Amino acid sequence: MIKLIYEHLLQEICNIVNKSFESNQPVTADTLLSDLPAYDSLSVVGLIGDIEEVLGNAVPPEVLVPETFRTPKTIADVLYTIQLRSVQK
């Protein structure tokens, strides 16, 4: 069940990245965001807003570092870890 939840989150992040960057190429879990044509600092800010809107949760400031936004997988990993910690409290 937990793997299914993670896989759903990862797919949702890929969809959000694809839409946010208006990518003509398929976005996979390992797509480097910096390789996308529309990648710049403003597009990452827009991506954060899109993630928050779709998932209904704020992205905590402490994870707003370049390493988090390397690939859709790194984003999903960070957000999933945050969700697990909040459930365990």
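Numbering starts at 1 and runs along the sequence shown. Predicted, not measured: the structure shown is a model, and the values here were computed from it. For the numbers below, each heavy atom of this structure counts, side chains included, while hydrogens, waters and symmetry mates do not.
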Original post:
Run the side-chain contact (heavy atoms from CB on, under 4.5 Å) check on Ile51 and Leu79 step by step: do they pass?
Top reply: CA-CA 10 Å; Ile51 290 170; Leu79 296 178; 3.8 Å; yes

Original post:
side chain to side chain contact (heavy atoms under 4.5 Å, CB included) with Ser34: which residues, sequence neighbours excluded?
Top reply: Leu32, Tyr39

Original post:
Can you pull the salt bridge (charged side-chain N to carboxylate O under 4.0 Å, His left out) pairs that have at least one residue in residues 45-61, sequence neighbours excluded?
Top reply: none

**OP:** Return each pair, listed once, that meets salt bridge (charged side-chain N to carboxylate O under 4.0 Å, His left out) where at least one residue sits in residues 55-83; pairs must be two or more places apart or across chains.
**Re:** Lys73-Asp77

Subject >> Closest non-hydrogen atom pair between Phe21 and Ala38, with its separation >> reply: O-CB, 3.7 Å

Subject >> Over all atoms of both residues, closest heavy-atom pair of Val63 and Phe69 >> reply: O-CE1, 3.9 Å

Got a sec, which residues hit side chain to side chain donor-acceptor pair (under 3.5 Å) with [X], two or more places apart in sequence or on another chain?
{"X": "Asn57", "result": "none"}
{"X": "Thr28", "result": "Thr31"}
{"X": "Ser23", "result": "none"}

Original post:
Under 6.0 Å from the CG atom of Asp35, do we count more than 12 heavy atoms belonging to anything else shown?
Top reply: yes

**OP:** Drop me the distance from Ile75's CD1 to Ile48's CD1, to the nearest 0.5 angstrom.
**Re:** 8.5 Å

Original post:
Rounded to the nearest 0.5 Å, how far does CZ of Arg85 lie from CD1 of Ile82?
Top reply: 7.5 Å

Original post:
In terms of hydrophobic clustering (I, L, V, M, F, W, Y; side-chain heavy atoms under 4.5 Å; direct or indirect links), are Val45 and Leu47 co-clustered?
Top reply: no

For residues 9-18, tabulate all N or O donor-acceptor pairs below 3.5 Å that involve a side-chain atom, not counting sequence neighbours.
residue, atom, partner, partner atom, Å
Gln11, NE2, Asn15, OD1, 3.0
Asn15, ND2, Gln11, O, 3.4

